[in-house]
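Let me begin by presenting the structure, written as structure tokens, before commenting on it.
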Amino acid sequence: AFSADVVPQAPEDPLFGLMAAYRADNDKNKVDLGIGAYRGDDAKPWVLPVVKKAEEILRNDPNINHEYLPIAGLPDFTSASQKVILGADSSAIQEKRITSLQTISGTGAVHLGALFLTKFYNTSSQKYSIYLSAPTWANHNQIMSNVNLPTTTYPYFSANTKGLDFDGMLSALQEAPEKSIILLHACAHNPTGVDPTDEQWKEIAKVMKQRHLFPFFDCAYQGFASGDLNRDAWAIRYFIDQGFELCIAQSYAKNFGLYGERAGCFHFIAAPNDGAETAKRVGSQLAILQRSEISNPPAYGARIASLVLNDPKLFAEWEANLKTMSGRIMDMRHALRSKLEEMETPGSWKHITEQIGMFSFTGLNEKQVAKLKEESHVYMTKNGRISMAGLNTRNIDYFAKAVDKVVR
Ligand SMILES: Cc1[nH+]cc(COP(=O)(O)O)c(/C=N/[C@@H](CC(=O)O)C(=O)O)c1O
């Protein structure tokens with residue numbers, strides 16, 4: 001039944017394919033700048049010290065069992081997740097016009113939100129598109145097409161300034177059909193590392209308000225970008241203060257290092273006027289969707305995150321761990337930029353320190369990326385994105401010289 005013309009061989013996932021190729025490479029100088037996962041200066045994944053503490057507490061808790069969680073997940077986890085992303089004093093929380101479900105990390109939250117929008121925001125007669133930044137996280141497109149949510153792109157990255165194409169983005173928002181859905185990276189844009197300034201966010205919000213556009217925030221790097229949880233949630237909180245009805249996908253993969261435990265949350269915030277009642281009804285429909293998709297979410301990662309989020313001492317230690325990760329990445333940004341400038345590698349490299357978060361959009365083209373892999377065993381995505389956490393004091397000289405070689 002499943003012949004090749006019905007089920008053709010799918011291409012390998014670019015990111016996970018890269019990960020496999022890196023692991024298969026035996027060269028002792030190989031450098032992994034692919035997957036967006038934090039590594040310490042020892043090039044090893046980092047289990048946050050605060051996560052180790054939480055695991056210890058869980059191990060000694062005699063009441064822990066393996067029963068199902070509620071469909072919406074661990075209540076202490078979702079309520080703490082609301083506070084960490086919106087701020088404990090958020091009007092959305094005070095007025096109870098928010099509903100939240102624990103999801104399969106950020107991917108699950110983006111998916112659940114997109115599924116909900118195709119069923120309740122779009123109708124058979126009126127299908128709104130979701131606007132994705134150009135470029136965006138590779139998986140966004142597949143997630144949207146899987147739920148039949150039409151996608152369009154808005155200009156985002158300017159190749160010549162290697163910064164934000166602000167005018168291009170604004171005009172796309174001005175021209176988008178009213179009520180279109182706009183997917184926004186809350187902070188540390190993937191893959192470019194380019195974020196709007198606060199002033200630019202205000203202008204974006206103004207146009208989106210005028211056009212009655214629907215914000216869908218994807219927040220996968222809160223606290224990881226600047227090192228400050230509140231700073232990195234500024235755009236989301238501003239939009240809520242402006243009275244938007246919106247969705248948020250919240251991932252704890254990077255900022256808790258819980259990649260494989262799949263800890264995340266989906267939040268729907270209703271507009272101020274019809275708040276609590278709408279949020280309640282939306283929550284009830286989200287639960288139906290979740291039940292049929294995953295029934296209920298995985299407990300372990302949520303229990304770890306919930307322990308930390310709900311304990312002031314552990315929370316403070318988590319904030320210190322965030323500063324360690326974001327600090328090391330910023331050190332690598334400055335080191336890489338200065339090494340390329342010292343070698344007078346052709347081109348300007350200031351964008352490496354101006355961009356923020358996990359990634360740097362180097363501007364290297366596909367050919368140069370391929371040469372870096374062939375000649376120097378450097379692994380990065382072909383769009384020129386590098387995961388800065390893959391750099392460390394031992395391989396940064398090697399990498400800078402490898403870049404210099406392919407650029408000259
Ligand atoms: C913007 C964004 N949103 C969501 C996710 C999903 O993360 P989750 O593990 O489902 O919570 C990722 C992961 N990005 C990195 C890993 C990946 O591609 O899955 C990456 O871009 O390398 C994002 O970069």
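Quantities reported herein were computed from a predicted structural model and do not represent experimental measurements. Both ligands and their constituent atoms are indexed starting at 1 by order of listing.
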Would you tabulate the side-chain donor-acceptor contacts of residues 207-222 under 3.5 Å, counting partners in other chains and residues two or more places apart, or write 'none'?
from, atom 1, to, atom 2, distance (Å)
Lys209, NZ, Gln242, O, 3.2
Arg211, NE, Gln174, O, 2.9
Arg211, NE, Ala176, O, 3.4
Arg211, NH2, Ala176, O, 2.6
Asp218, OD2, His140, NE2, 2.7
Gln222, NE2, Val84, O, 2.8
Gln222, NE2, Leu229, O, 3.0

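- Contact check on Glu56 versus Arg59 returns a salt bridge, with a Lys/Arg side-chain nitrogen under 4.0 Å from an Asp/Glu carboxylate oxygen.
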Close N/O pairs between ligand 1 and protein, under 3.5 Å:
from, atom 1, to, atom 2, distance (Å)
ligand 1, 3 (N), Asp218, OD1, 3.2
ligand 1, 3 (N), Asp218, OD2, 2.7
ligand 1, 7 (O), Lys254, NZ, 3.4
ligand 1, 9 (O), Arg262, NH1, 2.8
ligand 1, 10 (O), Gly106, N, 3.4
ligand 1, 10 (O), Thr107, N, 2.8
ligand 1, 10 (O), Thr107, OG1, 2.6
ligand 1, 10 (O), Arg262, NH2, 2.9
ligand 1, 11 (O), Ser105, OG, 2.5
ligand 1, 11 (O), Gly106, N, 2.7
ligand 1, 11 (O), Ser251, OG, 2.7
ligand 1, 14 (N), Trp137, NE1, 3.4
ligand 1, 14 (N), Lys254, NZ, 3.0
ligand 1, 18 (O), Trp137, NE1, 2.9
ligand 1, 21 (O), Trp137, NE1, 3.4
ligand 1, 21 (O), Asn190, ND2, 2.8
ligand 1, 21 (O), Arg385, NH1, 2.9
ligand 1, 22 (O), Gly36, N, 2.7
ligand 1, 22 (O), Arg385, NH2, 3.0
ligand 1, 24 (O), Asn190, ND2, 2.7
ligand 1, 24 (O), Tyr221, OH, 2.7

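- Under the 6.0 Å cut-off for aromatic ring centres, Phe244 and Phe239 qualify, their centroids lying closer than that.
- Residue pairs that meet the salt bridge (charged side-chain N to carboxylate O under 4.0 Å, His left out) test with at least one member in residues 227-238, sequence neighbours left out, are Asp198-Arg231.
- Residues forming a side chain to side chain contact (heavy atoms under 4.5 Å, CB included) with Asp331 (at least two apart in sequence, or on another chain): none.
- For Arg281, the CZ atom is densely surrounded, since the number of other residues' heavy atoms within 6.0 Å is greater than 12.
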